[in-house]
Amino acid sequence: MPFKLLGILDVENIPCARDSVLYGSLGSVVAGLGHFLLTSRIRRSCDVGVGGFIVVTLGCWFHCRYNYAKLRIQERLAREGIKNKILYESTHLDPARKQTNGGSSSS
């Protein structure tokens, strides 16, 4: 049975969810404790901790998802390139064959 955070976020199967929540928790503790050590105001420190959790979680989430999307695009381009290489290899449509034939005839 998968672990769902707040009943909606499947932390095991969604990429970047686990890291974002863990970094957000750490950011919450650091922000809240740091604010408490500076001001000694308990309620405001809790508010800063919650705000730190939200900011760090969303920051990590968007950064990780952006990198994940870039990686998926690079994988798709590589997959298409490999497919085209296999499809056009040793045919008259092969770009590598045209370059080698063009270079040898002009010499």
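Quick caveat: nothing in here was measured; it's all calculated off a predicted structure.
Scanning all heavy atoms of the two residues, the minimum distance from G49 to S28 falls at O-OG, 3.1 Å. Across all their heavy atoms, G52 and A31 have their closest contact at CA-CB, 4.3 Å.
Here the straight-line distance linking atom CG of L38 with atom CG of L33 works out to 9.5 Å at 0.5 Å rounding. Distance check: Y68 OH to W61 CH2 gives 10.5 Å after rounding to the nearest 0.5 Å. In this structure, OH on Y66 lies 12.5 Å from CG on L71, to the nearest 0.5 angstrom. From L77, atom CG reaches atom CD of Q74 across 8.0 Å, with rounding to the nearest 0.5 Å.
The hydrophobic clustering, which links ILVMFWY residues whose side-chain heavy atoms are closer than 4.5 Å, places L58 and F53 together. In this structure, F62 is not a member of the same hydrophobic cluster as Y23, with clusters built from ILVMFWY side-chain heavy atoms closer than 4.5 Å.
A 4.5 Å side-chain heavy-atom check between R76 and R72 finds every atom pair outside the cut-off. Looking at heavy atoms from C-beta onward, L22 lies out of side-chain contact with L26 at the 4.5 angstrom threshold.
Other residues, nucleotides and ligands contribute over 12 non-hydrogen atoms within 6.0 Å of the CZ atom of R65. Residue I42 qualifies as open at atom CD1: its count of foreign heavy atoms under 6.0 Å is 12 or below.
Sorted by first and then second residue, the side chain to side chain donor-acceptor pair (under 3.5 Å) pairs with a member in residues 42-52 read H35-S45; sequence neighbours excluded.
Under the disulfide bond (SG atoms under 2.5 Å apart) criterion, C16 pairs with C64, not counting sequence neighbours.
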